[in-house]
Amino acid sequence: MEEIIEEPVQVVARVCAAIDIGKAGLVACVRVPHTTRPDRRVQEVREYATVTPALLALADWLRVERVELVAMEATSDYWKPVFYLLKAAGFQCWLLNAKHVKNVPGRPKTDRLDAVWLVDGAARNRPCDQQACRGSDWRGSKVPLI
């Protein structure tokens, strides 16, 4: 499943991705510069299972798109395989603390919309457009060493 949207933005990360992770699957959104209009970006949303072959396919897609930053929302322990696989593949990964990004007024409630919302915040390196969000950065979760 793909969705492409164009919108003017001022971004921090040139090419970034965000992932909303669930138990059996994840939704990933990638934003890249528009090919003909430098003031615009395009985004694509894809869904993957959380099994190793699907996660490797996700990493391949992110590599093809030349993603510089991957933000993901920490949900239970479901983030671990995704985070460690992408980190090992050489991606800069942000593990976002769900407590800091969940209870925001106006935040979307579906996995697909979550991924789009998260990539917007990651691209701009700020929590969100809402007045309730203060500060310049999302606070990440502590990642245990393996």
Side-chain angles (χ1 to χ4, degrees), residues 1-7 9-35 40-130 132-146:
M1 294 203 229
E2 296 183 9
E3 177 182 334
I4 299 181
I5 298 173
E6 299 178 33
E7 65 179 51
V9 296
Q10 293 178 338
V11 297
V12 172
R14 185 168 150 73
V15 180
C16 60
I19 304 172
D20 185 66
I21 306 167
K23 182 178 182 178
L26 61 85
V27 179
C29 180
V30 170
R31 280 206 183 158
V32 298
H34 193 281
T35 55
R40 292 195 172 255
R41 315 219 333 127
V42 292
Q43 70 186 24
E44 183 176 352
V45 179
R46 293 187 183 181
E47 296 182 23
Y48 291 89
T50 53
V51 294
T52 303
L55 296 180
L56 292 171
L58 168 66
D60 289 343
W61 176 50
L62 298 177
R63 198 172 295 109
V64 166
E65 294 295 340
R66 299 174 192 244
V67 168
E68 300 166 0
L69 170 67
V70 181
M72 59 192 78
E73 186 176 335
T75 305
S76 186
D77 286 340
Y78 306 141
W79 61 270
K80 288 181 179 181
V82 181
F83 182 90
Y84 289 124
L85 186 140
L86 293 178
K87 197 78 165 157
F91 292 100
Q92 177 187 359
C93 296
W94 286 358
L95 181 61
L96 303 175
N97 189 326
K99 184 173 83 173
H100 298 141
V101 294
K102 280 256 189 235
N103 298 317
V104 177
R107 181 163 183 220
K109 303 296 184 218
T110 68
D111 291 344
R112 187 177 196 83
L113 292 174
D114 270 356
V116 172
W117 186 85
L118 289 167
V119 81
D120 182 53
R124 299 167 194 248
N125 192 25
R126 50 115 179 103
C128 66
D129 291 325
Q130 305 297 326
C133 297
R134 302 246 192 280
S136 61
D137 296 305
W138 268 322
R139 288 175 280 172
S141 296
K142 292 188 179 184
V143 178
L145 299 174
I146 56 170

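Distance check, rounded to the nearest 0.5 Å: CD of Glu47 to CG of Leu26 gives 8.5 Å. Note that the SG atom of Cys16 and the CD atom of Gln43 stand 9.5 Å from one another [nearest 0.5 Å]. Residue Tyr78 holds its OH atom at 13.5 Å from CD of Glu73, rounded to the nearest 0.5 Å. Of the inter-residue distances, the one linking Asp77 atom CG with Lys23 atom NZ reads 11.5 Å to the nearest 0.5 angstrom. Within the model, atoms CD1 of Ile19 and CG of Leu86 stand 5.0 Å from one another, a figure rounded to the nearest 0.5 Å. Here the CG-CG distance, from Leu55 to Asp60, works out to 11.0 Å after rounding to the nearest 0.5 Å.
Using a 4.5 Å cut-off on side-chain heavy atoms (C-beta onward), Val119 and Val30 make no contact. In this structure the side chain of Trp79 reaches within 4.5 angstrom of the side chain of Tyr84, judged on heavy atoms.
Nearest heavy-atom pair across Ala59 and Phe91 is O-CZ, 3.7 Å. Contact between Ala54 and Tyr48 at its shortest, heavy atoms only, is O-CD2, 3.5 Å. Here the closest non-hydrogen pair linking Thr50 and Gly22 is CG2-O, 3.8 Å. The heavy-atom pair separating Val15 from Pro33 by the smallest distance is CG2-CD, 3.7 Å. In terms of heavy-atom proximity, Asp20 sits nearest to Ala115 at CB-N, 4.3 Å.
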- Step by step, would you call Arg31 with Val116 a side-chain contact (heavy atoms from CB on, under 4.5 Å)? CA-CA 9 Å; Arg31 280 206 183 158; Val116 172; 4.1 Å; yes
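Counted within 6.0 Å of CZ on Arg66, heavy atoms from surrounding residues, nucleotides or ligands total 12 or fewer; the atom is thus considered open.
Look at Glu44 and Arg46 and you find a salt bridge, because one of the NZ, NE, NH1 or NH2 atoms lies within 4.0 Å of a carboxylate O, short of that distance.
By the side chain to side chain contact (heavy atoms under 4.5 Å, CB included) test, Gln92 is found to be paired with Leu69, Trp94, residues two or more places apart in sequence or in another chain being considered.
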